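In what follows, a single structure is set out as structure tokens and then discussed.
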Protein chains: 2
Amino acid sequence: MAGTGSVQHLSALLDLFTDRQWIVTIDEVMAKLELPRSTAYRTVGALSRAGFLDRVSDEGYSLGPRILQLYRLLQVGDPLLQVARPVCMALAATAPRGSAVLLCRSYFDGVMCVHQEMAPGPQEAVSYQVGRPMPLYRGSSSKTVLAALDRPRLTKLYDRQSDDIRRAGFGESREAFLANVKAIQRAGYCVARGEVDKGRIGISSPFADKGIGLTGCISLVLSEASSTEEDISRAIVQVAAAAHDTMQRLAVWKPATRSSDIDSPARPDATNRATASGSPSRRARSTS
Amino acid sequence: MAGTGSVQHLSALLDLFTDRQWIVTIDEVMAKLELPRSTAYRTVGALSRAGFLDRVSDEGYSLGPRILQLYRLLQVGDPLLQVARPVCMALAATAPRGSAVLLCRSYFDGVMCVHQEMAPGPQEAVSYQVGRPMPLYRGSSSKTVLAALDRPRLTKLYDRQSDDIRRAGFGESREAFLANVKAIQRAGYCVARGEVDKGRIGISSPFADKGIGLTGCISLVLSEASSTEEDISRAIVQVAAAAHDTMQRLAVWKPATRSSDIDSPARPDATNRATASGSPSRRARSTS
DNA sequence: TTTTAAATCCCAAATAATGGGATTATAGCA
DNA sequence: TGCTATAATCCCATTATTTGGGATTTAAAA
């Protein structure tokens with residue numbers, strides 16, 4: 001009914017949210033996106049009505065419920081997650097105490113962890129978190145996924161990011177870079193010590209599915225202090241088996257087998273949302 | 001650089017994804033949004049470049065990595081989650097085996113679970129899932145949150161959804177509705193049996209924070225078969241205590257105390273993304 | 001009540017999205 | 001290798017939409 005704004009604004013606005021900033025004010029939107037006040041209000045209002053933003057009383061806007069909703073749809077729909085979750089759980093069950101199992105996949109020029117399973121025992125945080133974009137050439141997960149990309153992508157990637165790759169010590173020249181990649185491809189796994197978190201070892205093995213055009217890996221993150229070389233050798237075998245298992249399950253995955261939702265609960269439609277308090281409330285207290 | 005599309009399209013397009021449909025084709029976009037082919041391609045392309053959609057080889061598009069990324073930002077940023085997660089964990093630790101702890105909050109005309117913590121023991125799925133929009137008047141969580149809303153919102157809500165409310169048996173008239181609400185307000189908790197999942201009991205207690213304008217509840221979901229009345233009584237006390245605890249912690253929450261992220265990993269910017277394979281690849285195989 | 005600042009509303013000007021069709025790229029096939 | 005069918009992209013005049021400056025309304029504080 002009402003006018004809205006462009007996807008560019010949407011994207012730029014959501015980019016304002018970072019690890020450090022979880023709340024965004026109208027003034028920040030105006031400043032960062034170089035928008036006049038009225039447009040800023042309108043854009044923010046449209047995004048609120050669509051559920052991407054949520055008003056935090058006087059202070060500004062935070063990310064909204066729509067994010068959670070879409071996240072759930074991704075979780076229940078993505079065949080990779082459907083297929084690989086049980087594999088990860090099984091791996092976590094037999095993994096050393098305190099370790100973590102990661103399911104990662106490539107996205108654009110990066111890798112992202114899409115699922116994490118903690119082994120029993122005291123848990124230490126892994127900074128390779130679900131939803132956190134990571135570069136393609138640091139950490140065992142990244143390197144493994146990188147090595148699974150096809151040749152044209154690799155050369156393109158090197159051209160684009162040669163500086164960063166050099167700085168990360170993953171190849172001084174294109175040849176060195178491709179050699180490193182090839183080594184991982186040959187081995188079928190990758191072990192990295194302390195590249196992401198100090199004192200932790202990452203062990204990864206790749207999988208790929210041409211059917212849904214997907215490249216990823218399964219990783220096990222161990223504590224460096226409490227792991228013997230034997231632990232690591234055993235872990236490599238387990239991780240490789242898990243990745244292999246995942247690939248096979250993906251290949252035979254039937255989209256028909258979908259979880260029927262018991263009965264579809266209320267999904268407030270656009271009309272309802274518009275009438276609700278989606279638009280900014282009056283009067284923000286100026287704390288200054 | 002390139003043209004994009006409107007937020008309405010974005011929202012409408014993302015609405016095509018449901019529990020049953022996790023993949024969307026260009027033809028569906030054309031049909032459902034009544035868009036010509038060129039515009040459909042452009043919109044989908046823009047959303048892919050922004051990371052909201054992800055191409056699934058020949059088959060179409062699925063939800064993209066941006067969703068996961070935003071989900072994470074919501075998780076690490078939201079003070080409610082920061083504050084209530086440990087409370088939920090503590091509650092789950094002492095809760096009966098197989099039960100689940102839910103953290104819910106109100107959004108528009110619905111309630112949404114924003115966090116779930118499983119008690120140890122064999123776990124049965126709860127259909128009150130994280131990110132799933134639920135109506136405001138079915139289940140203990142919903143009713144509890146509903147009861148915590150202010151009067152004007154309640155009357156507005158009834159006007160808008162009186163039919164649904166009647167059908168759910170939560171009030172034949174406005175007076176009956178308000179009486180039901182008041183009863184929950186007085187008690188300070190709500191118990192519901194089998195309203196969401198057959199054979200399960202929900203026990204909820206509300207919290208609110210005027211500071212960030214937030215209304216929600218903490219719930220415990222028990223199995224009806226293995227719970228005595230005494231279990232339930234004890235659970236009510238525990239849940240109420242947890243909710244109270246949450247409210248107090250929220251009140252003293254200092255936004256200054258933020259988790260400093262170790263070192264910001266690569267976040268592919270718009271330019272990089274545009275050069276990557278964000279745009280649709282050629283030739284989708286027609287299975288027909 | 002008055003004051004102050006935020007949020008919304010309004011509308012002409014300007015910009016950016018639109019969409020029909022032509023064009024190019026792709027995969028399958030002979 | 002060339003040919004065909006179809007998907008994906010490109011082009012550009014038309015048109016509908018956003019835009020933004022300022023006036024107006026609303027709400028909280030003084």
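Computed from a predicted model, the values in this text were never measured in an experiment.
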Among the nucleotides C:dT18, D:dA8, D:dT19, which one has an atom lying closest to any side-chain atom of B:H9?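 Closest of the options to the side chain of B:H9: C:dT18.
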Given D:dG20, C:dG19, C:dA7, which nucleotide is nearest the side-chain atoms of B:T39?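 From the listed options, C:dG19 comes nearest.
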Stepwise salt bridge (Lys or Arg N to Asp or Glu O under 4.0 Å) check, A:R66 with B:D15: CA-CA 10 Å; A:R66 194 73 178 277; B:D15 266 336; 2.9 Å; yes
Just report the end-to-end axis angle for the helix from C:dT1-D:dA30 to C:dA30-D:dT1, five pairs per end, to 10 degrees.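 Result, rounded to 10 degrees: 50°.
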What is the distance, rounded to the nearest whole Å, between atom [atom1] of [X] and atom [atom2] of [N]?
X	N	atom1	atom2	result
B:L10	D:dT18	CG	P	14 Å
B:M30	D:dT9	CE	P	14 Å
A:E34	C:dT15	CD	C1'	17 Å
B:L53	D:dA8	CG	C1'	16 Å
A:L35	D:dG20	CG	P	6 Å
B:L33	C:dT18	CG	C1'	14 Å

Test: A:R105 and B:D54 ion pair at under 4.0 Å: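 Here A:R105 pairs with B:D54 in a salt bridge, since their nearest N and O are under 4.0 Å apart.
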With a cut-off of less than 4.0 Å, is there a side-chain N or O of B:Y41 near OP1 or OP2 of D:dT9?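 False: B:Y41 side-chain N/O out of range (4.0 Å or more) of D:dT9 OP1/OP2.
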Would you please confirm or rule out a distance under 4.0 Å between OP1 or OP2 of C:dA22 and any side-chain N or O of B:R37?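 So the side-chain polar atoms of B:R37 never come under 4.0 Å of the phosphate oxygens OP1 or OP2 of C:dA22.
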Between SG of A:C113 and CG of B:L68, what distance do you get to the nearest 0.5 Å?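 It is 9.0 Å, given to the nearest 0.5 Å.
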If I take atom OG from residue A:S141 and atom CG from residue A:L146, how far apart are they, to the nearest 0.5 angstrom?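 With rounding to 0.5 Å, OG (A:S141) is 12.0 Å from CG (A:L146).
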So which heavy atom on A:V111 is nearest to which on A:C104, and how close?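 In this case the closest contact between A:V111 and A:C104 is CG1-CB, 3.8 Å.
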Partner residues of B:F170 under the ring pair (Phe, Tyr, Trp, His ring centres under 6.0 Å) criterion, sequence neighbours left out: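 Result, ring pair (Phe, Tyr, Trp, His ring centres under 6.0 Å) vs B:F170: B:F177.
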Please tell me whether A:Y158 and A:R160 have a donor and an acceptor in their side chains that are separated by less than 3.5 angstrom.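 Note: A:Y158 and A:R160 side chains miss the donor-acceptor criterion.
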Taking the side chain as everything from C-beta on, heavy atoms only, tell me whether B:L63 gets closer than 4.5 Å to B:W22.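 No, side chains not in contact.
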Short heteroatom pairs, N/O only, protein and nucleotides 21-23 of chain D, under 3.5 Å:
{"unit_1": "D:dG21", "atom_1": "O6", "unit_2": "A:S38", "atom_2": "OG", "d": "3.4"}

Neighbour count >12 (heavy atoms, 6.0 Å) for atom NZ, B:K32: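 Enclosed: over 12 neighbouring heavy atoms sit under 6.0 Å from NZ of B:K32.
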